[in-house]
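In what follows, a single structure is set out as structure tokens and then discussed.
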Amino acid sequence: MSCVLKAARKKTPDACVATSCSKDKCSVSLDGMSGNRLIIDTEHKQSPGYSEADEKCDYLFISEPSANEVWVAPMEFKVGNGKASKIAGQLQSGADIAKRLIPPKALNSHDVRFRPVFACIKMDKHQRKILSRMSVILGKYREKVRTLRCGDPLSRAFNS
């Protein structure tokens with residue numbers, strides 16, 4: 001495990017560490033995701049930065065596929081429709097948690113691939129259009145929300 005993952009893992013209780021990304025009959029596949037990784041269930045009460053009052057995404061994915069490369073994906077899953085502004089807020093909360101877990105030096109010196117991901121079975125076209133225009137921020141990185149269908153590989157978000 002490299003320095004970024006070690007630092008993030010050190011701040012994450014065992015109870016919050018997940019081995020897959022699945023909530024409410026929706027999941028993303030981790031096929032094609034190489035390297036060491038950490039998946040955090042951000043809705044768990046012991047999760048870093050947890051607050052009952054705050055909006056939160058379902059998972060935070062952090063990976064180091066190679067030296068000096070970090071991939072970060074806050075993820076939200078919905079089976080039915082969701083409101084774009086709420087989803088973007090949930091993903092932003094995941095990015096905020098990532099910013100606290102990843103050493104600042106790594107966010108500035110590593111090749112960071114940041115992808116906020118929303119996975120759903122179906123979504124209202126109007127809300128999807130609004131969400132596709134929304135951005136989430138992690139330090140100096142601003143990225144549009146990537147939408148996946150439940151069951152899609154997470155690698156699709158990183159390859160786009």
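All heavy atoms count here, side chains included; hydrogens, waters and symmetry mates do not.
The closest side-chain heavy-atom distance from Val4 to Arg9 is not below 4.5 Å. Between Val17 and Ile40, every side-chain heavy-atom pair lies at or beyond the 4.5 Å cut-off. Looking only at side-chain heavy atoms (C-beta outward), Leu38 and Thr12 come within less than 4.5 Å of each other. At least one side-chain heavy atom of Tyr59 sits less than 4.5 Å from a side-chain heavy atom of Phe77. Glu76 has its side chain within reach of Asp58: a pair of non-hydrogen atoms, C-beta onward, lies under 4.5 Å apart. Taking 4.5 Å as the limit, every side-chain heavy atom of Ile97 sits out of range of all side-chain heavy atoms of Lys56.
Remark: Arg142 pairs with no residue by the salt bridge (charged side-chain N to carboxylate O under 4.0 Å, His left out) rule, at least two apart or across chains.
Both Tyr141 and Val72 sit in one connected hydrophobic cluster of ILVMFWY residues. Membership requires side-chain heavy atoms under 4.5 Å apart, directly or through other members. In the hydrophobic clustering of this structure, Leu107 groups with Leu60; members are Ile, Leu, Val, Met, Phe, Trp, Tyr whose side-chain heavy atoms approach within less than 4.5 Å, directly or through other members. Taking hydrophobic clusters as Ile, Leu, Val, Met, Phe, Trp and Tyr residues chained together by side-chain heavy-atom distances below 4.5 Å, Val70 does not share a cluster with Met33. Phe61 and Ile102 are not part of a single hydrophobic cluster, where members link through side-chain heavy atoms under 4.5 Å apart. Cluster annotation: Phe118 and Val79 are assigned to distinct hydrophobic clusters (Ile/Leu/Val/Met/Phe/Trp/Tyr, side-chain heavy-atom contacts under 4.5 Å, transitive).
Judged purely by atom type and a 3.5 angstrom limit, Arg146 has no side-chain atom pairing as donor or acceptor with the backbone of Val117. Judged by distance alone, with hydrogens and angles left aside, the side-chain atoms of Asp152 form a donor-acceptor pair with the main-chain N or O of Arg149 at under 3.5 Å. Arg115 contributes no side-chain N or O that, together with a main-chain N or O of Arg113, makes up a donor-acceptor pair within less than 3.5 Å. A distance-only check finds no donor-acceptor pair linking the side chain of Ser155 to the backbone of Gly32 [under 3.5 Å]. Panel note: side chain Gln127, backbone Ala84; a donor-acceptor pair is recorded below 3.5 Å.
Heavy-atom contacts from other residues, nucleotides or ligands closer than 6.0 Å to NZ of Lys11 number more than 12. By the neighbour-count criterion of 12 heavy atoms within 6.0 Å, atom NZ of Lys144 is densely surrounded, having more than that number from other residues, nucleotides or ligands.
With Asp96 as the partner, the side-chain hydrogen bond (donor to acceptor under 3.5 Å, both in side chains) test is satisfied by one option alone out of Gln92, Lys99, Arg100: Gln92.
Closest approach of Asn36 to Ser63, counting heavy atoms only: O-OG, 3.1 Å. The minimum heavy-atom distance between Cys57 and Met75, with the atom names listed, is CB-O, 3.3 Å. Shortest non-hydrogen contact noted between Cys150 and Ala119 is SG-C, 4.2 Å. Heavy-atom minimum distance, Gln90 versus Ser93: O-OG, 2.6 Å.
For the atom pair Ile130 CD1 and Ser85 OG, the distance stands at 8.0 Å (nearest 0.5 Å). For the atom pair Glu55 CD and Leu91 CG, the distance stands at 11.0 Å (nearest 0.5 Å).
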Donor-acceptor pairs are to be reported for all side-chain atoms of residues 131-138 against protein atoms at under 3.5 Å, with residues two or more places apart or in another chain.
| unit_1 | atom_1 | unit_2 | atom_2 | d |
| --- | --- | --- | --- | --- |
| Ser132 | OG | Lys129 | O | 2.7 |

Quiz: residues 22-30 side-chain donor-acceptor pairs under 3.5 angstrom, not counting sequence neighbours:
| unit_1 | atom_1 | unit_2 | atom_2 | d |
| --- | --- | --- | --- | --- |
| Lys23 | NZ | Asp41 | OD1 | 3.2 |
| Lys23 | NZ | Glu43 | OE1 | 2.9 |
| Ser29 | OG | Asp31 | N | 3.1 |
| Ser29 | OG | Asp31 | OD2 | 3.3 |

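Between the side chains of Glu69 and Ser66, at least one donor N or O lies within less than 3.5 Å of an accepting N or O.
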